[in-house]
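Working notes, beginning with the structure itself.
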Amino acid sequence: MDRPYSARTLMSTGKVHEIAEARTETQAAAVVFVNDLTTRQRTVLSEALGCPALSRSDLPRSPAFPSARWPLATGLRCQSYQLRC
């Protein structure tokens, strides 16, 4: 059975294009994924998206919330888009 996604990107080619379009429209400086990315996935996605591709584990944790499940950062302007998979 064929996988509907690429192991190189964790998603289908169409989804990568959709994210790239959303990134361009919003002028986002980076794209953050919930899933951890391998070095290869990070490289491939960064090239495809035209900006750094990060996983949430790449973001610094706030000292005020060291055990928070989602890394918190202060001073960042964030905009979130949920794309259907």
Side-chain angles (χ1 to χ4, degrees):
M1 183 170 138
D2 291 332
R3 293 185 197 179
Y5 66 91
S6 167
R8 293 178 62 213
T9 61
L10 284 179
M11 63 200 85
S12 69
T13 303
K15 186 58 66 179
V16 173
H17 290 298
E18 184 179 345
I19 294 170
E21 287 176 12
R23 189 212 64 84
T24 301
E25 290 173 9
T26 61
Q27 300 177 347
V31 176
V32 180
F33 292 89
V34 173
N35 300 63
D36 287 333
L37 300 172
T38 65
T39 302
R40 179 70 180 146
Q41 289 166 336
R42 186 175 285 114
T43 301
V44 170
L45 286 167
S46 293
E47 289 173 5
L49 300 174
C51 69
L54 309 169
S55 64
R56 69 179 184 172
S57 60
D58 294 324
L59 300 177
R61 292 191 183 272
S62 170
F65 302 98
S67 62
R69 290 186 68 211
W70 178 259
L72 302 172
T74 57
L76 293 179
R77 184 174 166 207
C78 300
Q79 193 164 12
S80 174
Y81 287 89
Q82 183 176 13
L83 300 174
R84 293 185 181 182
C85 297

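Excluded from the calculations below are hydrogen atoms, water molecules and symmetry mates; all remaining heavy atoms, backbone and side chain alike, are included. Not measured: the values here are computed from a predicted model.
- Once rounded to the nearest 0.5 Å, the distance linking NE2 of H17 with CG of L49 reads 10.0 Å.
- Atom CG in N35 sits 8.0 Å away from atom CE in M11 (nearest 0.5 Å).
- Remark: side-chain polar atoms of S46 are paired, donor with acceptor, to backbone N or O of A53 under 3.5 angstrom.
- The only member of Q41, E47, R40 that meets side-chain contact (heavy atoms from CB on, under 4.5 Å) when paired with V44 is R40.
- The OG atom of S55 sits 5.0 Å away from the CG atom of L37 when rounded to the nearest 0.5 Å.
- Contacts of T9 classified as side-chain hydrogen bond (donor to acceptor under 3.5 Å, both in side chains), with partners at least two apart in sequence or in another chain: none.
- With sequence neighbours excluded, no residue forms a salt bridge (charged side-chain N to carboxylate O under 4.0 Å, His left out) with R23.
- The CG atom of L54 lies 10.5 Å from the CG atom of L45; values are rounded to the nearest 0.5 Å.
- The side-chain heavy atoms of C51 and V31, taken from C-beta on, include a pair separated by under 4.5 Å.
- Residue-environment remark: CZ (R42) exceeds the threshold of 12 foreign heavy atoms within 6.0 Å.
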